[in-house]
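Following: one structure in structure tokens, then a few remarks.
Numbers here are sequence positions counted from 1. Because the structure is predicted, anything quoted here is derived from the model rather than measured.
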Amino acid sequence: MTDMIEVAKRALGLVDLTNLNDDCTAEDITKLTGRTVTQHGAVAAVCVWPRFVAQAVKELAGTGVKVATVVNFPTGGEDNEAVVAETRQAIADGADEIDLVMPYKAFVEGRKGFAEEQIIQVKDAIPAPAILKVILETGEIEDPLLIHAASNVAIAAGADFIKTSTGKVAVNATLEAAEIMLTAIEEARRDHAERVIGFKPAGGIKTSADAAAYLALADKIMGHNWVAASTFRFGASGLLDALIATIEGQEASASEGY
């Protein structure tokens with residue numbers, strides 16, 4: 001149990017506390033931001049719909065918690081102009097991080113260049129120090145070779161993080177997809193040591209044991225000193241409560257949600 005408590009303490013500061021429910025309200029966002037700073041430490045970020053970015057930024061002022069939002073979400077559409085405009089508005093509203101759903105259907109159909117171009121255009125619309133996370137939607141891509149190729153495309157196009165999933169499809173984060181994506185990040189690190197590329201599993205990560213499995217995999221592939229909020233995030237809604245329960249020695253139960 002002591003080992004799991006240490007894992008939970010490690011994981012808490014890596015959480016992107018998320019509410020991307022279709023019926024999310026301003027009151028829900030206030031509840032979300034109110035959970036970000038706990039007696040055991042703060043989460044890394046909140047991840048909210050674009051319409052709530054300005055509210056989250058205001059409510060989190062001074063906490064150090066980042067505000068992330070999603071664009072081209074959740075379907076990974078192909079209107080590049082609209083996606084770039086959505087990104088620019090989110091940045092203007094104060095977003096620190098943009099989670100872009102790559103046009104994965106186009107990619108699976110063989111239009112790699114189109115997918116790459118969208119990522120490049122969105123990256124160009126994000127001024128430093130704001131960062132870009134690219135969602136591959138691995139559960140829809142399915143094929144391991146294509147997941148690896150999508151990881152490479154996203155990295156080459158300027159992604160600061162690659163993220164497994166939207167949490168809106170049947171299959172979201174899996175350890176199998178995580179291994180493929182972390183391997184692609186390690187390969188990129190060998191080729192471009194100066195670049196920092198992070199990894200974010202999202203969707204279905206609900207317990208401290210789930211978090212432990214992903215952290216162990218990252219340690220195995222990337223080394224024990226690699227994981228930090230600048231390189232690793234969990235996209236989750238219920239995970240925070242499970243981690244706190246573990247830290248406090250309670251019986252953690254799987255929480256519902258993204």
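To the nearest 0.5 Å, atom CG of residue Asn152 and atom CD of residue Glu116 are 10.5 Å apart. Rounded to the nearest 0.5 Å, atoms OG1 (Thr63) and CG (Leu60) are 4.5 Å apart. Here CD of Glu179 is found 11.5 Å from CD1 of Ile147. Values are rounded to the nearest 0.5 Å. Met222 CE to Ile197 CD1: the interatomic distance, rounded to the nearest 0.5 Å, is 8.0 Å. Going from atom CD1 of Ile141 over to atom CE of Met102 covers 5.5 Å, rounded to the nearest 0.5 Å.
Phe107 places none of its side-chain heavy atoms less than 4.5 Å from the side chain of Leu136. Phe234 places none of its side-chain heavy atoms less than 4.5 Å from the side chain of Val43. Using a 4.5 Å heavy-atom threshold, the side chains of Val171 and Thr174 count as touching. Annotation: side chain of Asp241 is in contact with side chain of Arg35 (closest heavy-atom distance under 4.5 Å). In this structure, Lys200 and Ile162 have side chains that are not in contact, with every pair of non-hydrogen atoms separated by 4.5 Å or more. Looking only at side-chain heavy atoms (C-beta outward), Thr183 and Ile180 stay at 4.5 Å or farther from each other. Residues Val70 and Cys47 form a side-chain contact, since some pair of their non-hydrogen atoms from C-beta on lies under 4.5 Å apart. Using a 4.5 Å heavy-atom cutoff, the side chains of Pro144 and Glu176 are not in contact.
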Checking Gln118 against Asn72 for the side-chain hydrogen bond (donor to acceptor under 3.5 Å, both in side chains) test, could you report, in this order, the C-alpha distance in whole Å, the side-chain angles of both residues, the deciding distance, and whether it holds? CA-CA 10 Å; Gln118 185 181 101; Asn72 208 24; 3.0 Å; yes
Begin from the C-alpha positions of Val71 and Val101 and carry the test side-chain contact (heavy atoms from CB on, under 4.5 Å) through to its verdict. CA-CA 7 Å; Val71 299; Val101 183; over 6 Å; no
Should Glu248 and His40 be marked as a side-chain contact (heavy atoms from CB on, under 4.5 Å) after you check the CA-CA gap, both sets of side-chain angles, and the distance that decides it? CA-CA 9 Å; Glu248 294 179 350; His40 306 292; 2.9 Å; yes
When you look at Leu17 and Ser237, which way does the side-chain contact (heavy atoms from CB on, under 4.5 Å) test go after all the steps? CA-CA 5 Å; Leu17 187 61; Ser237 59; 5.5 Å; no
Test Thr36 against Leu32 for side-chain contact (heavy atoms from CB on, under 4.5 Å), laying out the working first. CA-CA 7 Å; Thr36 57; Leu32 190 78; 5.6 Å; no
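Here the closest non-hydrogen pair linking Ala236 and Val15 is O-CG1, 4.5 Å. Contact detail for Ala154 and Ile119: the closest heavy-atom pair is CA-CD1, 3.9 Å. Of all heavy-atom pairs spanning Ile205 and Ala202, the tightest one is CD1-N, 4.1 Å. Here the closest non-hydrogen pair linking Thr69 and Ala95 is CG2-CB, 4.2 Å. Counting all heavy atoms, side chain and backbone alike, Pro103 lies closest to Gly77 at CB-O, 3.7 Å. What you find for Trp226 and Ala218 is that their closest heavy atoms are CZ3-CB, 4.3 Å.
Side chain of Asn21 to main chain of Cys24: no donor-acceptor pair is present (N/O by atom type, distance under 3.5 Å, no hydrogens or angles). Panel note: side chain Thr18, backbone Gly235; no donor-acceptor pair is recorded below 3.5 Å. Of the possible donor and acceptor atoms, none in the side chain of Asp96 sits under 3.5 Å from a partner among the backbone N and O of Lys66. The main-chain N or O of Gly167 is found under 3.5 Å from a side-chain atom of Asn172 such that the two form a donor-acceptor pair. Panel note: side chain Asp28, backbone Thr25; a donor-acceptor pair is recorded below 3.5 Å.
Checking Leu100, Val83, Ile135 one by one against Phe73, the side-chain contact (heavy atoms from CB on, under 4.5 Å) holds for a single residue, Ile135. With Pro74 as the partner, the side-chain contact (heavy atoms from CB on, under 4.5 Å) test is satisfied by one option alone out of Asp22, Leu20, Thr166: Thr166.
Asp93 has no carboxylate O lying under 4.0 Å from a charged side-chain N of Arg88, or vice versa, which leaves the two without a salt bridge. Using a 4.0 Å cut-off between charged nitrogen and carboxylate oxygen, Lys105 and Glu78 do not count as a salt-bridge pair.
Within the structure, side-chain hydrogen bond (donor to acceptor under 3.5 Å, both in side chains) pairs that include any residue of residues 42-57 comprise Thr30-Gln55, Gln55-Glu59 (at least two apart or interchain). Among residue pairs with one or both ends in residues 127-156, those qualifying as salt bridge (Lys or Arg N to Asp or Glu O under 4.0 Å) are Asp16-Lys133, Glu97-Lys133, Asp99-Lys133; sequence neighbours excluded.
Asn225 CG: 12 or fewer foreign heavy atoms inside a 6.0 Å radius.
Residues passing the salt bridge (Lys or Arg N to Asp or Glu O under 4.0 Å) test with Asp23: none are found, sequence neighbours excluded. In terms of the side-chain contact (heavy atoms from CB on, under 4.5 Å) criterion, residue partners of His192 (sequence neighbours excluded) are, by chain and number, Glu194, Arg195. Checked against salt bridge (Lys or Arg N to Asp or Glu O under 4.0 Å), Glu186 has the following partners two or more places apart in sequence or in another chain: Arg189, Arg190.
Connection of Val169 to Leu175 is not established within any shared hydrophobic cluster, with ILVMFWY side chains joined at heavy-atom distances below 4.5 Å, either directly or through further cluster members. A single hydrophobic cluster is not seen to contain both Leu132 and Phe114; linkage of ILVMFWY side chains at heavy-atom distances under 4.5 Å, directly or through other members, places them apart. Using a 4.5 Å cut-off between side-chain heavy atoms of Ile, Leu, Val, Met, Phe, Trp and Tyr, with links allowed through other members, Val227 and Val196 fall into different hydrophobic clusters.
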Show me the donor-acceptor pairs within less than 3.5 Å that the side chains of residues 121-129 make with the rest of the protein, sequence neighbours left out.
{"residue": "Gln121", "atom": "NE2", "partner": "Glu117", "partner atom": "OE2", "Å": "2.9"}
{"residue": "Lys123", "atom": "NZ", "partner": "Asp160", "partner atom": "OD1", "Å": "3.3"}
{"residue": "Lys123", "atom": "NZ", "partner": "Asp160", "partner atom": "OD2", "Å": "2.8"}

